[in-house]
Amino acid sequence: MSKGNTPSTQTRRPDRAALVIAVFLAGLAGLIFWDTSRLAKITSYSGIGPATIPFVIASVLLLLAAWTVFEALRGDFPTRERQEFGPVIWIVGGLAVQMLTLKPLGFSIATGLLFAATAAGFGKRKLWFTIPIGIVLCLGVWLVFAGLLQLSLPAGPLEHLFW
Amino acid sequence: MTTFDFLLQGMLVAAQPMNLFYALIGVTLGTAVGVLPGIGPALTVALLLPVTYRLDPGGSLIMFAGIYYGGMYGGSTTSILLNTPGESASIVTALEGNKMARKGRGGPALATAAIGSFVAGLIATLGLAFIAPFVVKLALVFGPREYFALMVLAFVTVSSAFGDSTLRGLTSLFIGFALAIIGIDQLTGQARMSFGIPDLLDGIEVTTLAVAMFAIGESLYIAAQGDQGPDKIEAVKGSVWMTGQDWARSWKAWLRGTAIGFPIGAMPAGGAEIGTFLSYATEKRLSKHPEEFGHGAIEGVAGPEAANNASAAGTLVPLLTLGLPTTATAAIMLAGFQQYGLQPGPLLFATNPQLVWGLIASLLIANFMLLVLNLPLVGLWVKLLTIPKPWLYAGILLFATLGTIGANPSVFELGMLLAFGVLGYGMRIFGYPIAPVVVGLILGPLAEQQLRRALAISQGDVTVLFTSPVAAVLLAVAAAALIVPLILRARGRGQVLSQLAANED
Amino acid sequence: MKQFFLASILAGALALPAVAADYTIIAPANPGGGWDQTARSIQSVMQAEGISGNVQVQNVPGAGGTIGLAQFASQSAGNANALIVGGYVMVGAILTNKSPVSLNDVTPIARLTGEYEAIVVPADSPLKSMGDLVEALKKDPGAVSWGGGSAGGTDHIAVGLIAKAAGVDPTKINYIAFSGGGEALAAILGSQVTAGISGYGEFESQIKAGTLRLLAMSSPERLPGIDAPTIKEGGLDVVVENWRMVAAAPGLTDEQKAAVSADIEKLAKSAGWQETLKTKGWTDTYLAGDAFKAQLAKDVSATEAVLKDIGLVQ
């Protein structure tokens, strides 16, 4: 991000992505208003109930959304570097797979898959090579941290062979 | 016997070769677990405490002190090298430390963190020994309204981490505030923004957010640059050790960080993070090289790291003198002390001097062993950065998720890790700063609770917020910090702005 | 090298004879709290006394223990080696959080320890006795601020019960919830609040040092070694005990239940456990079987009533 702050030229068209951010901020503010309004009737000796501060935060978020729209229309947002989405999908996919397989398959296999997916995101696509490496590495990590240092990391079929 | 005799006697016991060895093991174990992102000192000490039970009391006390210091220190290594703060108190360290590491100055960054921690630990432990009763009186003056004023001051200092756009800085901060609403409201027990999901009732774990935003967001961002980015970070440029200039710029920051961290750590609701924020802002303001901030200024590592360690020793002040555990780490330490027959409280220094001074001596020795262990390792740690990117980032994600799973093995927590990682990635693309989100999550609830407590005690009378002398002074300092730069900017607009514009190129 | 170091040290430390059943104990709280300490104490005593060869403690923090409880009830059903630590705070949390899982969904084995609530004021407070405090409360409930632990927790419930017994509207109490006993204690010592309420152990050393004045205890009768009247003596019928217990998984056979109960009884009666209680300052309130079940049912209904009175449960 430190590289992306060159001010853009004034001739740019409205920044669509920045408008999306403004909508997101306004939506967040709306969500807060909607959820905490049911608490508005609760008051205490302080005069400030559980809904007061959330209301303030949501109001400021609305102001920030308006400010974002203003800057987006003026084209004040920094230019962005080109993003390749392939690697992002690899890594996000790896995290999702780890999340889903952690309980059934145990720490080593799930995290080994994440390891291989991340390496793939950074260009090492030889999965037949990276997956076994990842699993063996994670098993070693598991043995040290769960086996010896008593950290509770989920065990699966592989871990049960050792412990 | 005088205070000094007791300390000397304690040092003699602690300095026996076998005890030094136990201290080294404790420091090693503490660092090994504490280095995991998401596993803070509290969990580290809780996990490793049973290991110490098997030794004689003296040895186990000293090993325990080692684990404590190791766990405290471990977080800064990953902050600096991998931009992955291990706990909330080392978030600020990542800001400048990682920038330094990227420029091939990881060695000096690690060294100033280690030596700064040592200096701060040494001074603060001596402070604990000699001025604890005085400091604790000061800390008790702080009630909800004084804390609220302190939070206001901390908010103002956060603006120094905003980066180049006020809009984007404020937006980040308020996203943090919005996340902070999630969970049970402390004062009324009502659930807010939880939508009936039990996992959200306790709010969002700071470490989960920090690990996700920093480690995962960063990995995604770098991966998305594909082959454009540099393939390898240059691990060492210039000396791996601190140069004369590094020393000259660090030592004042260490002392200032200690002076800020120790009293804030001693306050029952202070917390280590706040000291690091204040120290960072102070260094930025006082530095002769303000332009380096945000690009790897060594003061920005030295000050907050010292503040972090000094406040850890500060936490022991209320713990030993009042029996008051003010952090999760302190609560576990209390459990540990009880194991050694140490009953913290106002009478402890009078009834049990040998044990207290034994503990203080152990802390001093452990602090020293931490330096002995970590300085030689600096060269080795820096080599981590020479690992090719695919393996390095695969390893970062392995350890980032390991920490989260170890702290709370729930699928939901991993889901949050992923979601916030993607959020952090998106924010990086659009140039939003990351640190204010985490700061908002930490400070938001504290400020809200203290404000509401203060007003409940006064039954809704707002004037109490300004009428206490301590609160009034803190608020005045905050107001000055906010307004003075605005006036200066307005007066010297042309000249300052042109200078700013020149800096931006 | 470091791994080798760790391995050799820990392998030596952890090489224990494999004896009886292995247990996994869920501590439904963060490290450092009472439940975590209870779980870890059970762990070390069980291993030291040879009741179990290998005991693991797992922290599942969140929402007054209800997250750990829900996870335990769903994932451990029928598993005789799984235990969970819990206590009175859970009873309140289940109600205030509208938890779908309650203590009926697990198999409570035994109450292990307990602590009574202490009501204190700063040493320089004009309030000299419980009677003075109740008078002040009756005159202007808002002017009496109470510092204690989390909203809806044991401390809050006790204040609600006191107000109700004194004929004061429980919704009018000015209860200031602090996160954890430590912060509340600091506020009381600094005279930020009128009175403080928490477990006796939280205040013990301050009371002995004379910086806090103990007004009353929430025990049914006076406790040995504690020089203070009970709330009951002052004419308010309030007894509150913050107990901690251990429960087993749902869906166990009678034999499995008996085996777990026997192991826990062995634990509670062991010299190591008694020693632990002493160093931690916990009171032994071991109660098992039907007597515990009856006590539990009584506590649940009384808590529900007072939480409704305070307005925390609709």
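A, B, ... follow the sequence lines: proteins, then strands. Residue 1 opens every chain.
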Checked A:Gly86, A:Pro87, A:Pro50 vs chain B; the most non-hydrogen pairs under 4.5 Å come from A:Pro50
Between B:Leu220, B:Val462, B:Leu417, B:Asp185, which shows the greatest number of heavy-atom pairs under 4.5 Å with chain A? B:Leu220
Chain B contact via A:Ile32 - which portion, at a heavy-atom distance below 4.5 Å: both
Heavy-atom pairs under 4.5 Å with chain A are the metric here; pick the option from B:Asp461, B:Thr188, B:Leu398 that has the most. B:Leu398
Flag, side chain of B:Arg192 to backbone of A:Thr36, donor-acceptor distance under 3.5 Å: no
Select one option (side chain, backbone, both, neither) describing which atoms of A:Leu28 are under 4.5 Å from chain B's heavy atoms. side chain
Non-hydrogen side-chain atoms of B:Leu392 and B:Leu82 separated by less than 4.5 Å: yes
Residue pair B:Glu96 / B:His295: nearest heavy atoms and the distance that separates them: OE1-N, 3.8 Å
Chain B contact via A:Phe85 - which portion, at a heavy-atom distance below 4.5 Å: side chain
Where on A:Thr68 is there a heavy atom nearer than 4.5 Å to chain B: the side chain, the backbone, both, or neither? both
Can you tell which part of A:Leu31 gets under 4.5 Å to a heavy atom of chain B, answering side chain, backbone, both or neither? both
How close do B:Val464 and B:Ala454 get, counting heavy atoms only, and between which atoms? CG2-O, 4.4 Å
Among B:Gly444, B:Ser194, B:Ser458, B:Gly460, single out the residue with the greatest number of heavy-atom pairs under 4.5 Å to chain A. B:Gly460
Select, from A:Gly112, A:Ala119, A:Ala65, the one with the greatest count of heavy-atom pairs under 4.5 Å involving chain B. A:Ala119
Start with the C-alpha distance between A:Leu114 and A:Thr118, add both sets of side-chain angles, then the distance that settles side-chain contact (heavy atoms from CB on, under 4.5 Å), and finish with yes or no. CA-CA 6 Å; A:Leu114 165 70; A:Thr118 310; 3.8 Å; yes
Residue selection (most heavy-atom pairs with chain B, distance under 4.5 Å) from A:Val92, A:Thr130, A:Leu100, A:Leu137: A:Val92
Select one option (side chain, backbone, both, neither) describing which atoms of A:Ala96 are under 4.5 Å from chain B's heavy atoms. both
Checking heavy atoms, do the side chain of A:Ile21, its backbone, both or neither come under 4.5 Å from chain B? side chain
Does any backbone or side-chain atom of B:Phe412 lie under 4.5 Å from a heavy atom of chain A? Answer side chain, backbone, both or neither. neither
Options B:Val422, B:Leu451, B:Thr401, B:Ile396, ranked by heavy-atom pairs under 4.5 Å with chain A, top entry: B:Thr401
Is A:Glu159 reaching over with its side chain to a backbone N or O of A:Gly156, donor-acceptor style, under 3.5 angstrom? yes
Main-chain N/O of B:Glu448 paired to B:Arg453 side chain as donor or acceptor, under 3.5 Å: no
For A:Trp90, is it the side chain, the backbone, both or neither that has a heavy atom under 4.5 Å from a heavy atom of chain B? neither
Tell me, side chain or backbone of A:Leu25 under 4.5 Å from chain B's heavy atoms, or both, or neither? side chain
